[in-house]
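First the structure, in the form of structure tokens, and then the observations on it.
Position 1 is the first residue of the sequence, and the numbers go up from there.
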Amino acid sequence: GAFPGGNATNTVTITSASGNRNDVIIKEYNIQDAVVLTNSANLIFTHVTIGDTSTTQNGVVIAGTLDNAHFYDCNIYSVLGATSNTYNAVKRDAGSTMLVKDLSFLKCNIRGGDYNFYMINAGTSSTAYGTMTIDSCNLLDAYYSGYFGSYPVYNILTARHNYIHNASNS
């Protein structure tokens with residue numbers, strides 16, 4: 001859900017003091033999803049690992065409004081070999097029609113799941129989805145595809161220098 005302290009004037013940063021993304025691991029506990037962002041704003045995840053490839057259904061779930069959230073040099077994982085779209089490294093909740101803007105994934109390893117990114121917007125309005133950047137990321141070992149989106153609008157995705165490897169194409 002919303003992170004305490006994160007608001008229009010304050011940013012919450014979750015990072016590894018060593019700068020090694022394997023030193024801080026955020027995993028699910030009694031639920032299938034490692035990080036659920038519901039109506040959240042002003043978050044930075046840097047040098048952390050989110051989820052794992054054996055038990056995590058969704059590494060990051062985006063539900064409701066999300067504004068100004070950034071993932072830099074992170075590992076974001078879901079189960080390897082999953083063949084259902086309920087397993088994804090990054091998932092936009094299908095029931096959400098609220099605005100997502102200024103979301104970025106930079107220099108991340110996104111691995112596992114049916115899709116690495118499963119970005120669904122239940123609405124068809126161009127105001128229901130804002131901006132997302134995926135830059136210099138490795139999209140690895142998704143069963144079907146590195147990215148699936150429904151009802152995207154212009155400028156939803158800026159992808160440069162990404163490496164994509166699908167498990168189903170191996």
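- With sequence neighbours excluded, no residue forms a side-chain hydrogen bond (donor to acceptor under 3.5 Å, both in side chains) with Thr46.
- Under the 4.5 Å side-chain criterion, counting only non-hydrogen atoms from C-beta, Ile110 is not in contact with Ile134.
- Here the side chains of Ile26 and Ile14 are in contact, with some heavy-atom distance below 4.5 Å.
- In this structure Lys27 satisfies the salt bridge (Lys or Arg N to Asp or Glu O under 4.0 Å) test together with Asp52, sequence neighbours excluded.
- For the salt bridge (charged side-chain N to carboxylate O under 4.0 Å, His left out) condition, the pairs that include at least one residue of residues 73-90, sequence neighbours left out, are Arg21-Asp73.
- Using cut-offs of 30° and 60° on the angle between ring planes, the pair Tyr72 and His47 is perpendicular.
- Contact annotation: the side chain of Leu80 approaches that of Arg111 to within less than 4.5 Å [non-hydrogen atoms, C-beta and beyond].
- Atom NZ of Lys91 and atom CD1 of Ile62 lie 11.5 Å apart (nearest 0.5 Å).
- Residue-environment remark: OH (Tyr115) exceeds the threshold of 12 foreign heavy atoms within 6.0 Å.
- Asn10 places none of its side-chain heavy atoms less than 4.5 Å from the side chain of Asn42.
- Every residue two or more places apart in sequence or in another chain that forms a ring pair (Phe, Tyr, Trp, His ring centres under 6.0 Å) with Phe105 is listed here: Phe71, Phe117.
- Not a single salt bridge (Lys or Arg N to Asp or Glu O under 4.0 Å) links Asp33 to another residue, sequence neighbours left out.
- Every residue two or more places apart in sequence or in another chain was checked for a side-chain hydrogen bond (donor to acceptor under 3.5 Å, both in side chains) with Thr15, and none qualifies.
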